[in-house]
Amino acid sequence: MAEPKENLQMEKIVSLCKRRGFVFQSSEIYGGINGFWDYGPLGAELKRNVKELWWNAIVRRREDVAGLEATIIMSPAIWKASGHVDTFSDPMCSCKACKKLIREDQWWPMMCEQPWVQSLAAIVAPGTNELRGEELLKWAKTKGKSFAPNLALVKNPEVTLSWMAEDVAKGKYPANAEEYYSYLATEQRGVTGLVKPCPHCGGELTEPRPFNLMFKTHTGPIESEENIAYLRPETAQAIFAQFKNVLETSRQKVPFGIGQIGKAFRNEITPRNYTFRSREFEQMELEFFIKPDEAIEAIHGSVATVSEAGHPGEPQPNWGWQAWHQYWVEERVRFYEGIGLSRETLGFHRQTAEELAHYARACVDILFKFPFSKRDENGELKGEELEGIAARSDFDLSQHQRFSGKPMSVFDDELRNAWNKLPKEKQDDLWRRYYENRKRYLEKSGVEAEPAQKQATEDANGLAKGNYIPHVIEPSAGVDRLILALITNAYSETVKTDDKGKNETIYLMKFHPRVAPIKVGVLPLLKNKPDLVKKALEVRDLLRPWMNVYYDDGGSIGKRYARQDEAGTPFCVTIDFDTLGEKTELLDTVTLRYRDDGQQERLKISELRDWLLARIR
RNA sequence: GCGGGUGUAGUUCAAUGGUAGAACGGCAGCCUUCCAAGCUGCACACGAGGGUUCGAUUCCCUUCACCCGCUCCA
């Protein structure tokens with residue numbers, strides 16, 4: 001349902017963002033560029049705050065995570081190993097009649113599911129020269145008309161059937177079912193050649209065109225096939241590629257993580273919903289490496305079990321992937337709560353077995369309910385993905401080990417010692433399970449059965465000696481999506497009637513103090529009293545080394561408060577005559593005014609800095 | 001990529017085949033003892049390109065961007 005009210009809400013937010021300098025259209029003076037957005041002064045501060053909070057929470061304040069900052073352009077081999085070169089360049093066809101887009105490799109699977117194809121199955125006889133023209137004609141005039149109205153056989157059965165009959169007479173007939181349906185979709189073979197039918201309506205599909213979702217460029221000034229490079233479509237792969245280097249230099253041991261913040265680029269088909277789906281965007285990704293469950297079981301006897309709800313507490317040595325996955329989901333939710341996104345504004349989506357990539361064990365998406373979000377069957381806002389927390393098994397490191405030929409396994413002393421003390425049956429059981437997992441991965445990745453068995457045997461033997469490829473839990477968040485979530489969450493408006501009885505709308509950005517672009521506004525009560533101005537500038541300079549301060553002496557005091565409200569500044573301090581000692585007991589105190597309710601209190605200048613720091617950190 | 005809609009100061013909106021106005025906002029000055037007060041002044045727009053026309057912001061075409069729907073989202 002298109003909710004005009006919600007569109008209006010989004011429009012007002014967009015307009016405020018422009019007006020106050022949160023977000024501008026990229027290249028605006030040249031008419032803009034589709035899918036790219038810039039952050040203005042307030043947006044830039046907001047984004048820096050968010051990234052710094054993430055970096056502090058994930059990297060600096062933890063013992064078990066190290067940071068990384070990799071390049072955007074990397075060896076193209078990385079994207080072959082990760083699968084992006086293949087999955088990002090699917091050829092697509094579109095239907096000339098109903099305009100739907102079809103992935104070429106999904107055309108036949110989709111066809112097989114269509115009722116009209118199924119109803120034809122009894123009639124079509126591929127691989128023979130039997131053309132059941134009568135039955136086809138009858139089908140075209142009955143079922144075909146309702147199921148596949150744009151199919152050539154339905155639109156113009158005589159023409160289609162006549163050239164098919166000619167071909168069959170000459171001994172040319174469709175060799176398989178796929179080709180048979182192309183025959184049925186082709187009206188004028190001489191003009192168009194054989195065309196494929198649209199699974200939805202039977203209409204003519206265009207030739208497949210390459211859809212490349214990665215930005216392509218060339219290293220070096222000469223553009224040639226040999227020096228093609230890609231702008232990274234995600235930051236994660238750099239972490240996997242540098243896994244060994246970080247491990248060796250950071251003095252970390254599994255379990256540990258590598259965090260990275262950085263730009264990524266995707267040629268989205270349809271950039272939409274303001275900055276939500278941009279072609280250039282920033283990610284905050286953590287790859288948290290853990291021991292395989294078989295290693296945990298060898299060392300600790302069993303793997304800890306966790307319920308699917310709630311934070312499982314401090315990490316424990318006997319945690320397997322499920323506990324770690326649950327832990328990171330809850331850690332990330334706490335992060336969002338800590339910057340003002342309450343659980344009620346968030347949504348959760350646990351990916352189903354069908355949605356999961358073949359190598360993934362689980363994935364939980366954290367959603368935010370945007371004004372443009374769709375509603376589900378029950379009328380509830382579903383929300384859009386802010387972050388996905390995936391349990392990705394040992395797939396990524398395994399891929400890079402296979403493609404680069406460099407070992408990605410780690411040696412675990414504890415595992416080796418524990419293994420040797422295990423009873424034989426336990427050893428065999430763990431060996432077998434590890435072997436099966438490795439074999440499944442290798443076979444899924446296209447390795448032949450025999451070499452896969454050989455490699456899996458080697459891997460399982462390695463486990464018995466204390467070697468394994470770490471598994472990974474991946475919390476991957478979109479910065480720009482989070483910024484948009486924070487902005488829409490903060491936005492509020494109230495209608496106020498002024499002294500003259502005129503209604504005006506008051507806009508207020510209720511950012512959490514931790515993310516607010518400006519932390520405090522410093523205002524002299526009056527501009528034309530030099531003593532007030534001088535004192536106010538002193539307060540500004542006192543606070544400026546510690547936080548983003550905004551000094552304002554323009555217009556009336558009320559107007560200045562209103563300006564800060566729209567910028568989302570949580571606190572303002574006003575220097576008045578009492579500050580200067582008009583009431584001696586109030587000397588060197590200021591008015592502190594809260595953004596959200598306009599409440600005021602009196603605070604000593606000497607206490608101001610610590611008071612503010614306690615609330616913005 | 002496809003279909004529909006939109007495009008006028010920073011924002012929200014007017015008007016017009018012949019000089020484009022307002023409100024709010026911004027800036028400067030005066031004033032102002034706590035929530036967009038007042039006064040004075042200033043700056044700022046027809047998305048871009050082409051065509052029709054004596055003359056186009058207005059009509060036509062193209063393009064770009066934004067919004068809605070379809071498609072895609074590892």
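So you know, we letter chains A, B, ... as the sequences are listed, proteins then strands, and number each from 1.
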Rounded to whole angstroms, how far apart are [atom1] on [X] and [atom2] on [N]?
X	N	atom1	atom2	value
A:F240	B:A74	CZ	C1'	13 Å
A:D553	B:U32	CG	C1'	13 Å
A:D578	B:C34	CG	C1'	11 Å
A:Y491	B:U11	OH	C1'	12 Å
A:I29	B:C66	CD1	P	16 Å
A:L8	B:U12	CG	C1'	12 Å
A:L213	B:U71	CG	C1'	12 Å
A:Y594	B:C35	OH	P	18 Å

Toward the 5' end of RNA chain B, by each residue's nearest nucleotide, A:N34 or A:V590:
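Its nearest nucleotide lies further toward 5', so the answer is A:V590.
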
Contact class for [X] vs. all strands (heavy atom < 4.0 Å): base, sugar-phosphate, or nothing?
X	value
A:N273	sugar-phosphate
A:Q600	base
A:Y274	sugar-phosphate
A:E582	base
A:I506	base
A:E566	base
A:G35	sugar-phosphate
A:T270	base

Cut-off 3.5 Å, no hydrogens considered: what does the side-chain donor-acceptor table look like for residues 32-47 of chain A, sequence neighbours left out?
| unit_1 | atom_1 | unit_2 | atom_2 | d |
| --- | --- | --- | --- | --- |
| A:N34 | OD1 | A:R279 | NH1 | 3.4 |
| A:W37 | NE1 | A:Y274 | O | 3.2 |
| A:Y39 | OH | A:D480 | OD1 | 2.8 |
| A:K47 | NZ | A:E282 | OE1 | 2.9 |
| A:K47 | NZ | A:D480 | OD1 | 3.0 |

Within the 6.0 Å centroid threshold, strictly below: A:F511 and A:F22
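Distance test on ring centres: under 6.0 Å, yes.
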
Does the separation of the ring centres of A:H471 and A:F395 fall below 6.0 angstrom?
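Not close enough - the centres of the two rings lie 6.0 Å or further apart.
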
Who pairs with A:Q242 by side chain to side chain donor-acceptor pair (under 3.5 Å), at least two apart in sequence or on another chain?
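Only A:N245 meet the side chain to side chain donor-acceptor pair (under 3.5 Å) criterion with A:Q242.
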
Ignoring hydrogens and angles, answer whether the base of [N] and the side-chain atoms of [X] contain a donor-acceptor pair closer than 3.5 Å.
X	N	answer
A:T591	B:C34	yes
A:Y30	B:C64	no
A:R593	B:C35	yes
A:N528	B:C31	no

Salt bridge (Lys or Arg N to Asp or Glu O under 4.0 Å) partner of A:D576, the single match among A:K535, A:R593, A:R602
A:R602

In terms of side-chain geometry, is the basic nitrogen of A:D578 or A:K583 positioned less than 4.0 Å from the acidic oxygen of its partner?
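Salt bridge present between A:D578 and A:K583.
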
A:D552 and A:R563 ion-paired at < 4.0 Å
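Looking at A:D552 and A:R563, the cut-off is met.
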
With respect to the phosphate group of [N], does any side-chain polar atom (N or O) of [X] fall under 4.0 Å of OP1 or OP2?
X	N	value
A:S556	B:A37	yes
A:K583	B:U33	no
A:K18	B:G10	no

Measuring only the [atom1] atom in each nucleotide, how far is [N] from [M]? A whole number of Å is fine.
N	M	atom1	result
B:C64	B:G50	C1'	14 Å
B:C30	B:A37	C1'	14 Å
B:U58	B:G21	C1'	16 Å
B:C35	B:C67	P	39 Å
B:C60	B:U53	C1'	12 Å
B:U33	B:G10	C1'	32 Å
B:U32	B:C39	C1'	12 Å
B:C59	B:A23	C1'	31 Å

Output all residues satisfying side chain to side chain contact (heavy atoms under 4.5 Å, CB included) with A:Q283, sequence neighbours left out; order by chain, then residue number.
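Side chain to side chain contact (heavy atoms under 4.5 Å, CB included) list for A:Q283, sorted by chain: A:E234, A:T235, A:A264, A:R266, A:F281, A:E285, A:S476.
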
Going 5' to 3' along nucleotides 21-29 of chain B, which nucleotides have protein heavy atoms under 4.0 Å from the base (write B), which only from the sugar-phosphate (write S), and which from neither (write -)?
----SS--S

Looking only at the side chain of [X] (C-beta and beyond, no hydrogens), which of the listed nucleotides [options] gets closest?
X	options	answer
A:K374	B:G69, B:A74, B:A65	B:G69
A:Y507	B:U33, B:A36, B:C73	B:A36
A:R272	B:G69, B:A36, B:U32	B:G69

Determine the interplanar angle of the A:F265 and A:F215 rings, folded into 0 to 90°, and report it as parallel if under 30°, tilted if 30 to 60°, perpendicular if over 60°.
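The rings of A:F265 and A:F215 stand perpendicular, inter-plane angle above 60°.
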
On the 0 to 90° scale, with breaks at 30° and 60°, tag the A:F370-A:F368 ring pair as parallel, tilted or perpendicular.
perpendicular

Who pairs with A:D553 by salt bridge (Lys or Arg N to Asp or Glu O under 4.0 Å), at least two apart in sequence or on another chain?
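Partners of A:D553 under the salt bridge (Lys or Arg N to Asp or Glu O under 4.0 Å) test: none.
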
Does A:R332 make a cation-pi contact with A:Y336, if we ask for NZ or CZ under 6.0 Å from the ring centre and within 45° of the axis?
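Relative to the ring axis of A:Y336, which defines the angle, A:R332 lies inside both limits.
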
Determine which bases of RNA chain B form Watson-Crick or G-U wobble pairs with both distances under 3.5 Å, and write the result as a 5' to 3' dot-bracket string with | for other-strand partners.
(((((((..((((....[..)))).(((((.......)))))....(((((..]....))))))))))))....

Is it true that a side-chain atom of A:T71 and a backbone atom of A:I73 form a donor plus acceptor pair closer than 3.5 Å?
yes

